[in-house]
Engineer: 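Below: one structure in structure tokens.
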Amino acid sequence: MPQSKKPRLQATKAPRESVRILITGGRIQRRIQEIAKQIRKDFPDEPLHLVSVLKGGVFFLTDLARSISGEVSFDFIAVSSYGQNTHSSGQVRLTRDLDSSVEGKTVIVVEDILDTGMTLQYLLRLFEQRKPKHLRVAVLLDKPERRIADVRADYVGFSIPNEFVVGYGLDYAERYRNLRYVGILTLGSDTKKVVAEK
Ligand code: PRP
């Protein structure tokens, strides 16, 4: 839940939640096919090692991995943050390391969303120290308005506005990750109440 660890609500009663579709499952799948082709075109003869960040990146990783032709392997890493100001304060912490070394490999970091960029900045620094042959980044969603860290993705599915989005791996209090689409979450009738805040 990167966009708002603690969404601020004014309502005293539990609000009604609803999700408005922003990107359909069909569009997501078509875009993933395009990204997969582009990645293989950029690295025509190389085994590719996809590294996904738990938990949100899992669906993107599995769909992307199955769409890239040729040799593909993958691994997982998990990071966590300290409290509400995690990303903006840069306090990203490794909670689960990779199973295998990335040295000499062509590594694609696979993320569901690039938001402030603090997580990606941490990961890129970590992986660069481990001497991969190539290091690239694929994100399904990019929220450029939110950027704090000076990082960018090589492959972007969709650039989206600064709305609180759920689905396709993205959660609100661990829910909605299993939606096939990406939607904007609203609580009650006031969308402004769930605009991302950190
Ligand atoms: C999300 C997302 C990225 C990160 C992006 O993870 O999967 O890893 O936040 O945010 P940033 O650009 O501001 O650093 P989150 O911490 O919500 O964990 P999750 O994937 O388990 O939901």
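Both counts, for ligands and for their atoms, begin at 1 and track the order of listing. Positions are given from 1 along the sequence. Note that the coordinates shown come from a computational prediction; the quantities given were computed from them, not determined experimentally.
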Engineer: Assert yes or no for the condition that the ring centre distance of H49 to F74 is strictly below 6.0 Å.
Structural biologist: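 No, the ring centres sit 6.0 Å or more apart.
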Engineer: I need the atoms of ligand 1 closer than 4.0 Å to a non-hydrogen atom of K55, numbered in the order shown.
Structural biologist: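 Ligand 1 atoms under the 4.0 Å threshold to K55: 19 (P), 20 (O), 21 (O).
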Engineer: Is the side chain of K143 donor-acceptor paired with the backbone N or O of E163 at a distance under 3.5 Å, no angle test?
Structural biologist: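 It does hold such a pair.
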Engineer: Under 3.5 Å, is there a donor on one side chain and an acceptor on the other for E17 and Y176?
Structural biologist: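 The criterion, which ignores hydrogens and geometry beyond distance, is satisfied for Y176 and E17.
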Engineer: May I ask you to check whether Y155 and D42 show a side-chain donor-acceptor distance below 3.5 Å?
Structural biologist: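 Yes.
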Engineer: Please could you name the atoms of ligand 1 that L54 approaches to less than 4.0 Å, counting only its heavy atoms?
Structural biologist: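 Answer, ordered by atom number: 20 (O), 21 (O).
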Engineer: Report the part of R146 in contact with ligand 1, treating N, CA, C, O as backbone and CB onward as side chain, heavy atoms under 4.0 Å; options are side chain, backbone, both, neither.
Structural biologist: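 Contact part for R146 vs ligand 1: neither.
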Engineer: Just by modelled atom types, is the V79 backbone N or O under 3.5 Å from a matching donor or acceptor in the R96 side chain?
Structural biologist: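 It does not hold such a pair.
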Engineer: Below 4.5 Å, heavy atoms only, C-beta onward: do K105 and L48 meet side chain to side chain?
Structural biologist: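 Contact flag for K105/L48 side chains = no.
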Engineer: Taking the inter-plane angle between the rings of Y168 and F59 on a 0 to 90° scale, is it parallel (under 30°), tilted (30 to 60°) or perpendicular (over 60°)?
Structural biologist: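 Tilted, since the angle between the ring planes falls between 30° and 60°.
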Engineer: Can you sort out which atoms of ligand 1 are near T116, meaning under 4.0 Å from one of its heavy atoms?
Structural biologist: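 Result: 11 (P), 12 (O), 13 (O), 14 (O).
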Engineer: Run the numbers for me: atoms of ligand 1, each under 4.0 Å from some heavy atom of E111, listed by number.
Structural biologist: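 In order of numbering, the contacting atoms are 2 (C), 3 (C), 7 (O), 8 (O).
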Engineer: Report yes if I113 has an N/O atom closer than 3.5 Å to an N/O atom of ligand 1; otherwise report no.
Structural biologist: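 Such a contact does not occur with ligand 1.
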Engineer: What part of R177, side chain, backbone, both or neither, has a heavy atom within less than 4.0 angstrom of ligand 1?
Structural biologist: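 Under 4.0 Å from ligand 1, R177 contributes side-chain atoms alone.
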Engineer: Heavy atom under 4.0 Å from ligand 1: found in D112's side chain, backbone, both, or neither?
Structural biologist: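 Just the side chain.
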Engineer: State whether a side-chain donor-acceptor pair under 3.5 Å links S18 with T186.
Structural biologist: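 Result is yes, a qualifying pair exists.
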Engineer: Side chain or backbone, does G117 bring an N or O within less than 3.5 Å of an N or O on ligand 1?
Structural biologist: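 Yes, there is a polar N/O contact under 3.5 Å.
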Engineer: Compute the minimum heavy-atom distance from L120 to ligand 1 and say whether it is under 4.0 Å.
Structural biologist: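 The answer is no: ligand 1 sits nowhere under 4.0 Å from a heavy atom of L120.
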Engineer: Go through ligand 1 atom by atom and flag the ones less than 4.0 Å from a non-hydrogen atom of D171.
Structural biologist: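 Near D171, the atoms of ligand 1 are 22 (O).
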